[in-house]
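Here is the structure we will look at.
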Amino acid sequence: RRVHGAGERHIAHNSVIAAVPPELATTLERIGARLLCTWCEDADHMRHCIAYKTLAKLRRDGCAALDLVDIEYNVLPAVGAWVRGNLGRNGTHSLYVFAPSGGYRASVARFLAGDVVASIADATGD
């Protein structure tokens, strides 16, 4: 399904933030933007965290500007490493490199072209 009048596209993955702005849905809809958020549950990104529960509620409420898609690890595997020193302004000591599957890349391409992404597991590709 194609979304008409599509504006900016934003993509997030396992975005664990303390609070999702209450006006997120109305702001996205007002400016014609869309958000694709993929979520892969693991020990650090549980489905009972505030961000996931808020995004899932927006999805249940039919927010047309949000595509929240639960994925399995093999769809967007990551290799992590601890490093010495600080990376960036926030001083993190970890670095992750993602290796998206063909299905993930194809779904993101469809999203950027204006399609709605309801599932990625249907085309995991390589």
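Numbering of residues begins at 1 and proceeds along the displayed sequence.
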Practice item. Step by step, work out the salt bridge (charged side-chain N to carboxylate O under 4.0 Å, His left out) result for D42 and R47. Key: CA-CA 9 Å; D42 60 28; R47 288 192 177 104; over 6 Å; no

Review point. What is the distance from atom CG of L24 to atom CG of L35, rounded to the nearest 0.5 Å?
Key: 6.5 Å

Practice item. Write down the atom of R34, the atom of V116, and the distance for their closest heavy-atom approach. Key: NH2-CG2, 4.0 Å

Check your understanding: Which heavy atom of S101 sits nearest a heavy atom of N74, and at what distance?
Key -> CB-O, 4.0 Å

Exercise for review: Write down the atom of N14, the atom of C40, and the distance for their closest heavy-atom approach.
Suggested key: OD1-N, 2.8 Å

Practice item. Check whether NZ of the Lys or CZ of the Arg R9 lies under 6.0 Å from the centre of the six-membered ring of F111 and within 45 degrees of that ring's axis. Key: yes

Exercise for review: Determine whether L68 and L58 make a side-chain contact, defined as any pair of heavy atoms from C-beta on separated by less than 4.5 Å.
Suggested key: no

Review point. Are the side chain of R105 and the backbone of P100 linked by a donor-acceptor contact shorter than 3.5 Å?
Key: yes

Practice item. Please answer: with hydrophobic residues joined when any side-chain heavy atoms are less than 4.5 Å apart, are V108 and F98 in the same cluster? Key: yes

Point to revise | Where E29 and A65 come nearest, the two heavy atoms and their spacing | key: CG-CB, 3.8 Å

Exercise for review: Could you tell me which non-hydrogen atom of K53 sits nearest to which non-hydrogen atom of H48, and how far apart they are?
Suggested key: CE-O, 3.4 Å

Exercise for review: Evaluate the side-chain proximity of L36 to H13: yes if any heavy-atom separation is below 4.5 Å, no if none is.
Suggested key: no

Check your understanding: Got W39 and C49 here, is their nearest side-chain heavy-atom distance under 4.5 Å?
Key -> yes

Check your understanding: Is the shortest heavy-atom distance from the side chain of K57 to the side chain of C63 under 4.5 Å?
Key -> no

Point to revise | T26 side chain vs E23 backbone, donor-acceptor pair below 3.5 Å | key: yes

Practice item. Indicate if L112 and V75 have the same hydrophobic cluster label, given that clusters are the connected sets of ILVMFWY residues with side-chain heavy-atom separations under 4.5 angstrom. Key: yes

Point to revise | Interatomic distance, I71 atom CD1 to S107 atom OG [nearest 0.5 angstrom] | key: 9.5 Å

Practice item. Can you see which heavy atom on D67 is nearest to which on V117, and at what distance? Key: OD2-N, 3.0 Å

Check your understanding: Do H45 and Y52 have ring centroids that are under 6.0 Å from one another?
Key -> no

**Study point:** Backbone of A33 reached by a side-chain donor or acceptor of E8 within 3.5 Å
**Key:** no

